[in-house]
Amino acid sequence: MTATTNAPTEPAVQHVPRAAGVLRTALRLPRSKVGLGLAALVLLVAVAGPWIAPHSATEFVDTPFSDPAAGSWFGTDNLGRDVLTRFLHGGRTLLMLAAVATLLGVGLGALLGMYAGYRRGWLDESVMRVADIVLAFPQVVLALLFVSVVGPELWLLVLVVAGGHLPRVMRVVRAATLAVAERDFVKSAEAIGMSRTRILLGEILPNVTGTVLVELGLRLNYSIGIVAGLSFLGLGLQPPTADWGLMINENRIALTVQPWAVALPVLAIAVLTIGTNLVADGLARSVAGVDRGIEKGGRS
């Protein structure tokens, strides 16, 4: 006779929705395809623009606010610089700052939201009350406060925008974590003595990734708007740097005379915003569809 032992084994877990599944489902939607195309177009202009620009970003090519001509397809700006060149140079830094701020804010917010939602108790209450205080102030007001005190430093711009996203993402991810933490596979993992870190990263994170992806798309929109808005107010990138928000501010006084210096950056920001919104909406629909599939299939 052979003796058998009933050693505890780790539970077989269905991690749904996973990031790959959510992305795959979202990419099948027409709105996501259109959104990716629009966002990729603006990103291509911002990244490749400085290499294909016909002039230097600080070169004076004609009189201020001159009409489009052979050497300047969209005319000149308030100082006589080529509008097309300034436009092609103006998107890279804005998009880079917005992307870094979004990744930082969403990443930290997701981690804090998961931890607070899983731990609960006094830690959860303390974190959420601090988040409530931050949320009581509009994000743009907080950005204006810190930037006006310290100055238009790029690192501060990133931290301020990321800090504005953090409590908002944290609340959303915490709510998703509270629902996941009550599922059977999390209880089974706790019963066999898995560490808290392994449960958070291995059991909970894969099931809230869809929510995090949706927040990433939405917060990127807000980051672009805030960074461009601060540059418009003179608290972001400083002249003579080419920046879309700064271009709008510098040339708004002659909007009826030479509209291209304002129209090009506004159009680029609008197209990028529409594109990222369509992608975020596609991700949200994908997460909802996967969740409905889980409920119908009876999987946890």
Side-chain angles (χ1 to χ4, degrees), residues 22 94-182 200 204-205 207-236 245 269 272-274 276-281 283-285 287-288 291:
V22 170
L94 184 150
L95 295 183
M96 182 185 68
L97 293 176
V100 173
T102 303
L103 290 174
L104 183 61
V106 172
L108 290 178
L111 290 176
L112 287 174
M114 283 196 308
Y115 193 73
Y118 181 65
R119 280 292 305 273
R120 302 186 186 181
W122 67 269
L123 179 64
D124 181 29
E125 288 296 326
S126 300
V127 170
M128 297 315 299
R129 297 297 76 79
V130 173
D132 290 339
I133 294 175
V134 177
L135 289 172
F137 298 91
Q139 193 171 0
V140 176
V141 172
L142 286 177
L144 288 172
L145 174 64
F146 285 102
V147 174
S148 62
V149 171
V150 179
E153 302 289 343
L154 297 186
W155 62 267
L156 179 63
L157 199 62
V158 170
L159 291 181
V160 167
V161 176
H165 294 327
L166 193 148
R168 292 166 172 84
V169 175
M170 187 169 59
R171 291 181 68 89
V172 174
V173 176
R174 172 185 174 271
T177 301
L178 290 174
V180 173
E182 296 300 323
L200 282 171
I204 294 179
L205 178 59
N207 288 276
V208 300
T209 303
T211 302
V212 175
L213 289 174
V214 174
E215 284 296 307
L216 193 65
L218 292 175
R219 298 303 156 192
L220 180 59
N221 278 335
Y222 294 128
S223 295
I224 294 169
I226 293 173
V227 173
L230 291 174
S231 295
F232 175 83
L233 295 173
L235 299 175
I269 294 173
L272 182 60
T273 301
I274 293 172
T276 52
N277 267 328
L278 288 173
V279 174
D281 186 58
L283 289 170
R285 289 168 181 256
V287 172
D291 286 342

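- Across all their heavy atoms, L157 and G236 have their closest contact at CD2-CA, 4.4 Å.
- For the atom pair L216 CG and L103 CG, the distance stands at 6.0 Å (nearest 0.5 Å).
- The nearest pair of heavy atoms linking A228 to L94 is CB-CD1, 3.7 Å.
- The side-chain heavy atoms of L145 and V160, taken from C-beta on, include no pair separated by under 4.5 Å.
- Each of L283, V106, L111 was evaluated against V212; a single residue qualifies, V106, per the side-chain contact (heavy atoms from CB on, under 4.5 Å) test.
- Atom-to-atom distance recorded for Y222:OH and T276:OG1 is 10.5 Å, nearest 0.5 angstrom.
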Report task. Start with the C-alpha gap between N221 and L272, add the side-chain angles, then the distance that decides, and say whether side chain to side chain contact (heavy atoms under 4.5 Å, CB included) holds. Result -> CA-CA 8 Å; N221 278 335; L272 182 60; 5.9 Å; no
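- One finds the OG1 atom of T177 at 11.5 Å from the CE atom of M170 (value rounded to the nearest 0.5 Å).
- Between E182 and L178, the closest side-chain pair of non-hydrogen atoms is not below 4.5 Å.
- The shortest distance between side-chain heavy atoms of R119 and D124 does not fall below 4.5 Å.
- How far CG of L220 is from CG of L95: 8.0 Å, rounded to the nearest 0.5 Å.
- Between H165 and R219, the closest heavy-atom pair is NE2-O, 3.4 Å.
- Closest approach of T102 and A98 over heavy atoms only: OG1-O, 2.7 Å.
- Taking the charged nitrogens against the carboxylate oxygens, R174 and E215 have no contact shorter than 4.0 Å, which rules out a salt bridge.
- Within 6.0 Å of the CZ atom in F232, the count of heavy atoms belonging to other residues, nucleotides or ligands exceeds 12.
- Among V134, V147, V161, the single residue meeting the side-chain contact (heavy atoms from CB on, under 4.5 Å) criterion with L142 is V134.
- The two residues R120 and A181 have their closest heavy-atom pair at NH2-CB, 4.2 Å.
- Note that CZ of F137 and CG of L135 are 11.0 Å apart. Values are rounded to the nearest 0.5 Å.
- With rounding to the nearest 0.5 angstrom, the CD1 atom of I269 is 12.0 Å from the CD1 atom of I274.
- Closest approach of V150 to W155, counting heavy atoms only: CG1-CZ2, 4.5 Å.
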